[in-house]
Amino acid sequence: MTPTHFAFSTTFLLGLMGLASHRTHLLSALLCLEGMMLSLFIAFSLWTLQLGSSSFSASPMILLALSACEASAGLALLVATARTHGSDHLQTLNLLQC
């Protein structure tokens, strides 16, 4: 495993561990998801550069567009949650009382 691959896999795993362990605020969960998506984007971009083929060149841009859509949907949910419940604590959210 090269140091580059190790760095990106470690970055992804740190985001995953942060998502699994720090689930008190919705904003921290969204930031962990965004870090995971950015590490995937950079790793996917380097992978297409190493292959040298132009057939995979649009794939990282599609991943980045999906990441931007995920971030905007997450921020919209954060604003809606803060307006209705008064905070972004995940313990105050109850799916049975929608």
Side-chain angles (χ1 to χ4, degrees):
M1 180 179 278
T2 64
T4 307
H5 291 116
F6 178 73
F8 291 124
S9 62
T10 304
T11 305
F12 182 79
L13 288 176
L14 281 174
L16 187 62
M17 285 179 12
L19 183 64
S21 63
H22 300 293
R23 297 187 328 174
T24 57
H25 294 282
L26 183 59
L27 184 61
S28 65
L30 290 175
L31 285 174
C32 289
L33 280 174
E34 194 63 30
M36 290 168 58
M37 289 299 288
L38 286 176
S39 69
L40 282 177
F41 168 71
I42 293 172
F44 206 43
S45 298
L46 289 177
W47 180 62
T48 56
L49 286 174
Q50 287 176 351
L51 285 179
S53 67
S54 62
S55 62
F56 294 118
S57 62
S59 300
M61 295 307 290
I62 293 171
L63 181 70
L64 190 63
L66 290 176
S67 172
C69 293
E70 175 254 334
S72 65
L75 286 175
L77 285 173
L78 177 70
V79 169
T81 303
R83 284 185 180 170
T84 58
H85 295 286
S87 70
D88 68 334
H89 288 281
L90 292 177
Q91 282 80 21
T92 62
L93 300 177
N94 190 359
L95 293 177
L96 298 176
Q97 294 178 350
C98 291

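Worth knowing before you read on, the calculation uses all heavy atoms, side chains too, and leaves out hydrogens, waters and symmetry mates.
Considering every non-hydrogen atom in both Met36 and Leu19, the closest pair reads SD-CD2, 4.4 Å. The shortest heavy-atom contact between Cys32 and Gly15 is CB-O, 3.6 Å. In this structure, Asp88 and Leu78 approach most closely via the heavy-atom pair CB-CD1, 3.6 Å. Among all heavy-atom pairs drawn from Ser39 and Thr11, the shortest one is CB-CG2, 3.7 Å.
A distance of 11.5 Å separates CZ of Phe44 from CG of Leu46, quoted to the nearest 0.5 Å. Here NE2 of His5 is found 10.5 Å from CH2 of Trp47. Values are rounded to the nearest 0.5 Å. With values rounded to the nearest 0.5 angstrom, Phe8 atom CZ is found 9.5 Å from Thr2 atom OG1. Taking CZ of Arg83 as the reference point, atom OG1 of Thr81 lies at 11.0 Å (rounded to 0.5 Å). The structure places OG of Ser72 at 9.5 Å from CG of Leu77, a figure rounded to the nearest 0.5 Å.
Residues Leu49 and Ile42 fall within the same hydrophobic cluster, defined by Ile, Leu, Val, Met, Phe, Trp and Tyr side chains chained together at heavy-atom separations under 4.5 Å. Linking ILVMFWY side-chain heavy atoms closer than 4.5 Å, directly or via other members, places Met17 and Phe12 in two distinct hydrophobic clusters. One hydrophobic cluster holds both Leu26 and Leu75 under the rule that ILVMFWY side chains link at heavy-atom gaps under 4.5 Å. Hydrophobic clustering of Ile, Leu, Val, Met, Phe, Trp and Tyr side chains at less than 4.5 Å, counting indirect connections, keeps Leu14 apart from Leu33. Linking Ile, Leu, Val, Met, Phe, Trp and Tyr residues whenever their side-chain heavy atoms come within less than 4.5 Å leaves Leu38 and Leu66 in two separate clusters.
Proximity of a side-chain donor or acceptor of Ser67 to a complementary backbone N or O of Leu63 within less than 3.5 Å is not detected.
No side-chain donor-acceptor contact under 3.5 Å links Ser28 and His25.
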